[in-house]
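Written below as structure tokens is the structure these notes are about.
Note that the structure is predicted; figures quoted are calculated from it, not measured.
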Amino acid sequence: MNYLSIEGIAKSFGERVLFENITFGIEQGQKAALVAKNGSGKTTLMRLVYFDLFPDTGHVMVNGFFSNKISIVGNFSISKSSFISPFSK
């Protein structure tokens, strides 16, 4: 089973579509690089992995946790307590 699974995700902000139908998996211990031109959505993709954002479609699974299955109660989010994000302020 993949440690990180991205299946059919899409993300847009208003009219600007960053990516559509992205699918890949990374095994634990496997190395990967994310290389693309500025403004193409690299940081947004990483924010999806860290559950700082949620995809418009599809899902992200990290070590068995689905991004679209994280429950939020009030201002408390399981994702925020389970994962430390470098994007949090």
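Closest approach of Lys37 and Lys42 over heavy atoms only: O-NZ, 3.1 Å.
Pairs engaging residues 17-30 under the salt bridge (Lys or Arg N to Asp or Glu O under 4.0 Å) rule: none recorded [sequence neighbours left out].
Ser5 pairs by the side-chain contact (heavy atoms from CB on, under 4.5 Å) definition with Asn2, Glu7, Met61, not counting sequence neighbours. Remark: Ile9 engages Ile6, Phe19, Ile22, Leu45, Leu48, Pro55, Val60 in a side-chain contact (heavy atoms from CB on, under 4.5 Å) (not counting sequence neighbours). The side chain to side chain donor-acceptor pair (under 3.5 Å) check on Thr57 picks up nothing, with sequence neighbours excluded. For Ile26, the side-chain contact (heavy atoms from CB on, under 4.5 Å) test picks out Leu4, Phe24, Gln30, Ala32, with sequence neighbours left out.
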Tell me which donor-acceptor pairs under 3.5 Å the side chains of residues 11-18 have, and how far apart each pair is, sequence neighbours excluded?
unit_1, atom_1, unit_2, atom_2, d
Lys11, NZ, Phe54, O, 3.1
Ser12, OG, Asp56, OD2, 3.1
Arg16, NH2, Gly39, O, 2.4

